[in-house]
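Read the structure below first, then the notes.
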Amino acid sequence: MNWYKTCIGILFLAVGLTGCSITTRVKKADKKFAIGEYYDAADRYKQVYSRISTKTQKPLKAHVAFNQGECYRILNNTRASSCYQNAIRYKYQDSIVYLRLAQVLQYQTKYKEADKNYLIYLEAHPTDYVAQAGHYACNQVSEWKKETSRYKISLAKELNAKRSSSFAPALIGNNTDALMFTSNRQEASSDKKMKLQRPSPVTGAQNFQLYSTRKNAAGKWEEIGLAEGLYSKSESENESGSEGDSTSTKQVGKPELGVCCFTEDGKTMYFTYSCPVNGQDLGAKIYISSRASGEWGEPQELILFKDSSITVGHPSICPTEDTLYFVSDAPGGYGGKDIYMAIKEGNDWSDIRNLGPTINTTDDELYPCIHPNGTLYFASKGHPGYGGLDIFKAERDTLNKPTETEPIRWTLFNMGQPFNSSGDDFGITFEGESQNGFFSSNRGQKKGYDQIYRFDLPQMEFFVTGNVVDNNGEPISDAALRLVGDDGTNSKLQVRRDGSYKLKLNRDVNYLMLGYARGYLNQKEQFSTFDLTDSKTYEQDFVLNPISRPITMDNIFFEFGKWDLTPASESGLQQLVKLLQDNPNITIELSAHTDMVGDSLSNIELSQKRAQSVVTYLTKQGIDKERLTPVGYGKNKPFVADKATHTKYAFIPVEQELTEAFIMALPKDKQEICNSLNRRTEFKVLKTTYKLY
């Protein structure tokens, strides 16, 4: 019996020690998580998770699953979703787990599943903006993807390295041939061998550092290396510490530098600096360095808050150098990381302001970039987007004067495609005042590596092109065009030998264009380049009618056996109105003709009334009656075939008059074709000097 009791006692002691060991390991993982060492924390949570009892330690198992999911979410690891689902399975007490699960599912483009979890979270938190934004985005993303943009993007291959991240590019001042960016690529030592530094406990990858590069004569980026002057040998080889554990009492590894900006002259740099010391995460700071003799000088910390525990980073200096935008977790914000601005007064940065709820959400807003035109660009996880970080632009209300209680007013826009994707898109920068530049994205990267992309906004170009031909479609080689615009444009162009032409236009101009040639009537056309959002080429042909011969109007129709115009005649009649308006000094004979069916007197009477019907229509449209002479010829002037007629009806020779004798010699079906050609309305020019003198 004593032996039995001893065994039972040993068993309970072992179980107790095991439970104690698990709790201790969870606490160590929690400590890693608390100081932001997400990669190490995730690994520790993973090791202990399977050893936690599902019967006696459900709350602890749910806690570990959720925190593991948080680590993976921050590291863009797809295993985050399964961790959150495990947390839900084991009844994690905080409904935030549904919001986080929704966010990672949206990141994975599983929009329907994401939306279900957003809705669950909204049941408990109906006014939560981030959840509302996610729900809205999941239901709108299919429509967003249909929208087009003039921006063109391409991978900046020369700036990226394999199996590493490169992001947050910044042009060095106004020099578009010099660039600095953040990267965790492996560094080459003096013997050209790659030096593998100890991985970061935060990301599990190499530490991030600042790299610079310049364009060569061929316009290619080359000689990518660490920013000169910021790194010493002792720093680059500092590998002290116990197994890479920054929760120990020693400094571990070299500092991380990244996410920088420059003054316009390129001589002053602001950058983010971070390094854990003595087991404490001191958070990121902003440092300043000035350049002399090609190298960057000793950096100096920029003091923005009296409380040194407040994290600041991601600086962006305005062109006037008196306003700095940056990111911080300062108390009193909206949650997560917020974007702030500071005004420089003398040598001090004061009047620090949160940019307000239009910009900041309860999630993270990062990587501000102020364009010279005053537009603010930044990345956000909290506003409606495609998933992950999206790039937004905010236009400031310049009439609004902010006060201590009234924040700056902004109008916010998601940059849409091609900038934003379901992945993380961030770190945008511009080439001076242009709309060209670079940004970062991990789109399409299975391991989440960030890459630098280039973007360009092509200049919008506008043209008008076409052909000048006669009424039979033959090119008029000696035709000319005159283009008049309300911006003062007044130019003349001779068409090419084949009658074609192409003219470049200006934006936001109303144009009048005239086509003319000796022996032909003029034609005018109007168009505008106002309110265009993309390049456009207008297709405008000019069909000039000859002055010397009658012109048949094929699209003017009458009721059968009557002189009433049909509705189908409207377009043809309007063309005739326009022709007379384009040529205000001509007078015309307006004639109607019938086929050979019926007696001559009846046909003449019918055709005269038809001609008069057309004249009546024209005068109601404002054409002077004196310019119009109606004549009914009946069947007395048969149609004379031209080249176009012969091309369409090969059995009718060119110059063939469609007399009754010619028609009667044809088969029945061809007779009707000829009769339809004889039933016509024509006009011919009588004078070209009406009211000219």
Side-chain angles (χ1 to χ4, degrees), residues 146-152 417-418 435 456-547 549 551-557 567-584 586 621 642-648 681 683 685:
K146 295 176 184 177
E147 297 175 0
T148 59
S149 170
R150 291 199 307 112
Y151 282 100
K152 307 297 180 185
Q417 297 182 116
Q435 287 295 313
D456 294 277
L457 182 63
Q459 291 290 326
M460 286 199 292
E461 293 187 315
F462 311 102
F463 295 94
V464 57
T465 184
N467 297 279
V468 182
V469 297
D470 65 16
N471 62 311
N472 290 324
E474 295 294 323
I476 305 175
S477 59
D478 61 345
L481 299 165
R482 183 166 292 280
L483 183 69
V484 178
D486 59 10
D487 64 341
T489 298
N490 191 335
S491 59
K492 178 183 176 182
L493 173 71
Q494 195 72 32
V495 302
R496 302 186 186 100
R497 183 172 296 181
D498 63 356
S500 65
Y501 73 93
K502 185 175 184 179
L503 281 168
K504 189 172 184 178
L505 307 173
N506 296 324
R507 187 177 182 179
D508 296 336
V509 179
N510 294 311
Y511 284 104
L512 175 66
M513 197 170 183
L514 176 69
Y516 60 97
R518 184 182 297 274
Y520 293 86
L521 296 176
N522 299 331
Q523 180 180 335
K524 294 178 182 177
E525 298 296 340
Q526 293 182 344
F527 49 89
S528 174
T529 56
F530 275 93
D531 300 325
L532 297 180
T533 58
D534 202 351
S535 298
K536 182 172 182 177
T537 297
Y538 294 87
E539 299 286 342
Q540 182 61 64
D541 290 334
F542 287 83
V543 180
L544 306 186
N545 293 296
I547 294 174
R549 62 177 184 268
I551 304 300
T552 300
M553 294 175 287
D554 297 322
N555 47 2
I556 293 181
F557 310 99
S569 302
E570 182 67 23
S571 63
L573 291 167
Q574 283 300 313
Q575 289 177 15
L576 185 54
V577 170
K578 182 178 181 304
L579 182 142
L580 290 164
Q581 291 172 340
D582 291 348
N583 298 269
I586 66 169
Q621 296 295 312
D642 52 22
K643 183 178 179 181
T645 307
H646 174 68
T647 300
K648 188 174 182 179
T681 303
F683 75 87
V685 177

Worksheet item: Atom CZ in R549, atom CD1 in I551: separation rounded to 0.5 Å?
Response: 6.0 Å
Practice prompt. Give a yes or no on whether the backbone of N510 and the side-chain of D486 come within a donor-acceptor separation of less than 3.5 Å.
Written response: yes
Fill in: Rounded distance (nearest 0.5 Å) linking atom CG of L483 with atom CG of L503
6.0 Å
Discussion item. Looking at every heavy atom in both G466 and D541, which two are closest together, and how far apart are they?
Written reply: CA-OD1, 3.4 Å
Discussion item. Whether the side chain of T489 engages the backbone of V484 through a donor-acceptor N/O pair (distance < 3.5 Å, no angle test) should be reported.
Written reply: no
Worksheet item: Any side-chain heavy atom of S571 within less than 4.5 Å of one from N555?
Response: yes
Worksheet item: Taking the side chain as C-beta and beyond, is there a heavy-atom pair between M553 and Q575 under 4.5 Å?
Response: no
Worksheet item: For the side chain of S477 and the backbone of D498, is there at least one donor-acceptor N/O pair under 3.5 Å apart?
Response: no
Worksheet item: When rounded to the nearest 0.5 angstrom, what distance separates CG in L481 from CZ in F542?
Response: 5.5 Å
Worksheet item: Does T647 use its side chain to pair, donor to acceptor, with the backbone of K643 at less than 3.5 Å?
Response: yes
Fill in: Heavy-atom donor-acceptor pair, S149 side chain to P418 backbone, under 3.5 Å
no
Worksheet item: Near E539 CD, under 6.0 Å, is it more than 12 heavy atoms from other residues, nucleotides or ligands?
Response: yes
Worksheet item: Side chains of F683 and L576: does their closest heavy-atom pair fall under 4.5 Å?
Response: yes
Worksheet item: Is a side-chain donor or acceptor of S535 paired with a backbone partner of E461 at a separation under 3.5 angstrom?
Response: yes
Discussion item. Keeping E474 on the side-chain end and V469 on the backbone end, is there a donor-acceptor pair under 3.5 Å?
Written reply: no
Worksheet item: Side-chain contact, heavy-atom cut-off 4.5 Å: M460 with R507?
Response: yes
Worksheet item: Just by distance, do the side chain of R150 and the backbone of P458 share a donor-acceptor pair under 3.5 Å?
Response: yes
Worksheet item: Is there a side-chain contact between T537 and F462, using heavy atoms and a 4.5 Å cut-off?
Response: no
Worksheet item: Does T681 reach the side chain of T552, with side-chain heavy atoms less than 4.5 Å apart?
Response: no
Worksheet item: Which heavy atom of L521 sits nearest a heavy atom of L544, and at what distance?
Response: O-CD2, 3.5 Å
Worksheet item: Do the side chains of Y151 and Q435 get nearer than 4.5 Å, heavy atoms only?
Response: yes
Item to complete: Working to the nearest 0.5 Å, report the span between CG of N522 and CG of L579.
Response: 9.0 Å
Worksheet item: Does the ring of F463 carry K502 above it, NZ/CZ under 6.0 angstrom from centre and within 45° of its axis?
Response: yes
Worksheet entry | Under 3.5 Å donor-acceptor, N583 side chain and I586 backbone | no
Fill in: Nearest heavy atoms of L512 and Q526, plus distance in Å
CD1-CG, 3.6 Å
Fill in: Salt-bridge contact E525-K578 (side-chain N to carboxylate O under 4.0 Å)
yes
Worksheet item: Do the non-hydrogen side-chain atoms of Y511 and V464 ever get within less than 4.5 Å of each other?
Response: no
Discussion item. Looking at every non-hydrogen atom in both residues, tell me the closest pair between Y501 and V495 and how far apart they are.
Written reply: CB-CG1, 4.3 Å
Worksheet item: Got a donor-acceptor contact below 3.5 angstrom from the Q523 side chain to the V543 backbone?
Response: yes
Discussion item. Quick one about N545 and N471 (side-chain donor to acceptor, distance below 3.5 Å, no hydrogens or angles considered), yes or no?
Written reply: no
Discussion item. Rounded to the nearest 0.5 Å, what separates atom CG in L505 from atom CE in M513?
Written reply: 8.0 Å
Worksheet item: Can you tell me how far CG of L514 sits from CG of D582, rounded to the nearest 0.5 angstrom?
Response: 8.0 Å
